[in-house]
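Just follow the structure's listing: the first ligand is 1, and inside any ligand the first atom is 1. Everything numeric here is computed off the predicted structure, so don't read it as measured data. Side chains included, hydrogens not; waters and symmetry mates left out as well; all remaining heavy atoms used. Starting from 1, each residue takes its place in the sequence as its number.
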Amino acid sequence: MKQPLTPPKWKAFKAQGTKIAMLTAYDYPSARLAEEAGIDAILVGDSLGNVVLGYDTTVPVTLDDMIYHTRAVVRGAPGTMIVTDMPFATYRLGPEAALRNAARLLQEGGAHAVKMEGGADIADEVHRLVSAGIPVLGHLGLTPQSVLQIGGYKVQGKDKEEAQKLIADAKALEQAGAFGVVLELVTEPVAAAVTKAIGVPTIGIGAGRGCDGQVLVYHDMIRYGSGIRDKRFVKTYADVGETIRSAIAGYVNDVKNASFPEERNGFRLDDQTALQLSDSLYGGESK
Ligand code: KIV
């Protein structure tokens, strides 16, 4: 059986120049399909707040939400590395609280690693988790948990100062023991510079071609759900939303005009039992 990737294998991939393909998933069937399709790693992202739970931001997502969804994903993809997001504020109350919360994602959820948004400001927390045996994936650039403070989903790494800060943060994460760093909505040259500056893989989303791997949000990639906007950095590989919508519309139509169910969709009784039943129900009147 396929074995989940490990942090050392990630580093080896970078050294060999092997790109890493990562995708989010939040439930059993999507995880199962991702594993069957050969994905390297699954991210149970707190983007589930947006694409599964219908929130405007990831801020309301709780640790219990993440554990619940991680369990389903682990059941669907037992041979794939599962990284789960630490949700809003669960690693901002000091290293010991971060360790307690991260441990729940591994022990109760079954994740193999956690992801945390932030750079040098969370280096102590990253170090505490890694020294306790919990693999950590960093996340820099646009960090959606801070969207209320940033004031929107804005591209990062647009000038020299932002570039220098991103590189310094990526180095701080590597030094604290992170096995990789997600770069979200970062200009292509800056993402490439960060990738060159560190020895662990960078995983880009809206960060151009220079990263060591890519991650996309499941629902964006296959247009699964209503209200999905076209995002420039997403490549749409299928329009599952349209397929599902038109399937449901067909079903509604068939029920309304009584063309579903058909005779072949029902379960028959043998003739003798049908007759006996008819006798007992209708006193011998045939129906
Ligand atoms: O929550 C998420 O899906 C993420 C990706 C966008 C990287 O953090």
Result of checking I67, V73, V74 against R71 for side-chain contact (heavy atoms from CB on, under 4.5 Å): I67
Test side-chain contact (heavy atoms from CB on, under 4.5 Å) applied to Q149 - qualifying residues, sequence neighbours left out: none
Identify the protein atoms, limited to N or O, that lie within less than 3.5 Å of an N or O atom of ligand 1, and list each pair with its distance to 0.1 Å.
{"residue": "ligand 1", "atom": "1 (O)", "partner": "D46", "partner atom": "N", "Å": "3.2"}
{"residue": "ligand 1", "atom": "1 (O)", "partner": "D46", "partner atom": "OD1", "Å": "3.1"}
{"residue": "ligand 1", "atom": "1 (O)", "partner": "S47", "partner atom": "N", "Å": "3.0"}
{"residue": "ligand 1", "atom": "1 (O)", "partner": "S47", "partner atom": "OG", "Å": "3.3"}
{"residue": "ligand 1", "atom": "1 (O)", "partner": "D85", "partner atom": "OD2", "Å": "3.1"}
{"residue": "ligand 1", "atom": "3 (O)", "partner": "S47", "partner atom": "OG", "Å": "2.5"}
{"residue": "ligand 1", "atom": "8 (O)", "partner": "K115", "partner atom": "NZ", "Å": "2.8"}

Sole residue of D85, V52, V217 in side-chain contact (heavy atoms from CB on, under 4.5 Å) with S47: V217
Derivation and outcome, side chain to side chain contact (heavy atoms under 4.5 Å, CB included), residues E184 and L140: CA-CA 6 Å; E184 180 167 357; L140 294 172; over 6 Å; no
Distance-only donor-acceptor check, side chains Q145 and T143, under 3.5 Å: no
Residue pair Y224, I244: steps toward the side chain to side chain contact (heavy atoms under 4.5 Å, CB included) verdict: CA-CA 8 Å; Y224 177 26; I244 294 175; 3.5 Å; yes
